[in-house]
Amino acid sequence: MSGSLYLVATPIGNLGDISRRMVETLEAVDFIAAEDTRVTMKVLNHLGIKKTMISYHRHNAGPGGAIILERILAGESCALVTDAGTPAISDPGEELVALCAAEGVPVSSIPGPCALVNALAMSGLPTGRFTFEGFLAMNKKNRRAHLSALQYEVRTMIFYEAPHKLPTTLCDLRDAFGADRRVSLCRELTKLHEEVRRTTLGEAAEFYAEHSPRGEFVLVVEGGAAKEKPVSTLEDRLREVDILREDGLSLRDAVRQVAEREGCSRKELYDAAVGRE
Ligand code: SAM
């Protein structure tokens with residue numbers, strides 16, 4: 001008989017956000033897989049819970065995931081927690097969930113804090129349709145490709161960013177979407193110095209060029225006005241395939257992503273890409 005995987009959301013800064021189900025689940029499981037066992041140990045100590053922990057982070061997702069799966073298939077139940085917020089959202093978990101799903105292992109999510117949802121709700125920007133973009137790549141070329149793929153995006157866009165990279169990211173967003181585009185900078189959510197600055201990309205870029213950002217940020221950017229997207233040429237699509245391949249994707253996956261995005265034939269694009277190699 002197989003056990004289950006529980007994705008347990010943890011606070012993003014305020015221990016008051018610990019839920020009863022989170023505590024019950026952490027108490028009930030056989031073991032906890034944690035992104036950083038030292039961080040999770042602090043939460044467990046706060047709750048007075050003693051439980052076996054193993055490490056599961058982005059650098060051991062392959063072997064770590066296989067060990068967790070084996071234990072679950074042998075009948076144990078596992079809670080996956082990350083340092084803060086919801087597992088699998090810009091945090092370890094996505095691969096483990098896919099692995100469990102492929103093996104028919106039941107996966108439950110114990111809901112709780114998630115910075116992007118909090119930020120969107122507080123942003124004052126349209127919430128009906130949005131797209132979560134996570135972190136922009138560090139590599140300049142991939143960053144440009146990511147932003148250029150959002151050129152015609154009409155939905156509200158949500159980005160995560162580390163404070164030391166915020167000034168550069170704001171300049172890149174301003175250059176991609178224009179200085180007048182509205183942005184809500186949601187800082188230190190759920191913490192003592194929680195703040196939402198509702199402004200424009202131009203003003204935000206200027207402000208943070210002169211003041212160093214402190215704390216954690218989510219950027220919620222207004223979507224653009226609807227305009228017709230020009231039809232891309234085969235050359236454009238092959239260039240996008242190349243960028244994704246440099247990012248580490250297989251040819252097949254890169255072709256699939258570009259074909260879906262551009263609404264063109266996957267086979268034709270694949271044949272054209274192979275024809276060049
Ligand atoms: N899994 C987490 C979640 O559910 O939100 C996200 C983890 S990701 C590694 C960390 C990023 O989330 C930070 O760089 C920041 O953009 C955002 N974040 C996390 N906590 C935050 C907070 N209290 N206030 C603002 N942003 C936060």
Side-chain angles (χ1 to χ4, degrees), residues 5-19 21-22 25-26 32-40 42-43 46 55-61 64 79-98 107-125 127 130-138 143 146-147 156-170 172-173 183-199 201 204 207-208 211-221:
L5 175 70
Y6 296 91
L7 307 172
V8 179
T10 53
I12 54 170
N14 191 327
L15 288 177
D17 292 332
I18 288 173
S19 73
R21 273 190 85 203
M22 175 195 166
T25 307
L26 292 178
I32 296 172
E35 181 182 11
D36 183 336
T37 51
R38 291 161 305 180
V39 173
T40 301
K42 285 190 194 146
V43 180
H46 173 79
S55 211
Y56 179 77
H57 48 76
R58 63 187 85 251
H59 303 296
N60 78 346
L80 176 67
V81 295
T82 59
D83 292 351
T86 301
I89 305 299
S90 285
D91 258 348
E94 180 183 329
E95 291 167 18
L96 183 59
V97 172
V107 180
S108 293
S109 175
I110 310 301
C114 183
L116 81 96
V117 176
N118 263 23
L120 176 66
M122 296 167 81
S123 67
L125 293 170
T127 60
F130 63 90
T131 154
F132 174 55
E133 299 298 324
F135 291 93
L136 286 175
M138 303 246 265
R143 227 172 144 80
H146 188 162
L147 290 171
T156 300
M157 294 169 275
I158 305 167
F159 298 88
Y160 280 167
E161 195 45 287
H164 64 284
K165 290 197 233 128
L166 186 80
T168 309
T169 293
L170 285 171
D172 289 350
L173 291 171
V183 61
S184 294
L185 296 104
C186 305
R187 190 174 81 86
E188 293 288 85
L189 297 172
T190 77
K191 302 183 196 175
L192 187 62
H193 298 293
E194 176 176 284
E195 174 190 67
V196 182
R197 178 183 278 262
R198 300 180 183 89
T199 180
L201 285 171
F207 181 85
Y208 283 108
H211 301 80
S212 58
R214 294 234 175 96
E216 298 196 89
F217 285 82
V218 179
L219 306 177
V220 186
V221 180

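Here the structure is a predicted model, which means the values were calculated and not measured. In listed order, ligands and their atoms are each counted from 1.
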Exercise. Taking only heavy atoms of the protein into account, state which residues are under 4.0 angstrom from an atom of ligand 1, in chain and number order.
Key: Ile12, Ala84, Gly85, Thr86, Ile89, Ser90, Asp91, Cys114, Ala115, Phe135, Tyr160, Glu161, Cys186, Glu188, Leu189, Lys191, Glu216, Phe217, Val218
Exercise. Can you establish whether the number of heavy atoms outside Phe130 located under 6.0 Å from its atom CZ is more than 12?
Key: no
Self-check item: Geometric class of the Phe132/Tyr160 ring pair [parallel <30°, tilted 30-60°, perpendicular >60°]
Solution: perpendicular
Quiz prompt | Which residues share a side chain to side chain contact (heavy atoms under 4.5 Å, CB included) with Val43, sequence neighbours left out | solution = Ile18, Met22, Leu47
Exercise. Answer yes or no: is there a donor N or O on one side and an acceptor on the other, between the side chain of Asn60 and the main chain of His57, under 3.5 Å?
Key: yes
Quiz item: Got a donor-acceptor contact below 3.5 angstrom from the Glu188 side chain to the His193 backbone?
Solution: no
Quiz item: Do Arg143 and Thr169 come within less than 4.5 Å of each other through their side chains, counting heavy atoms only?
Solution: yes
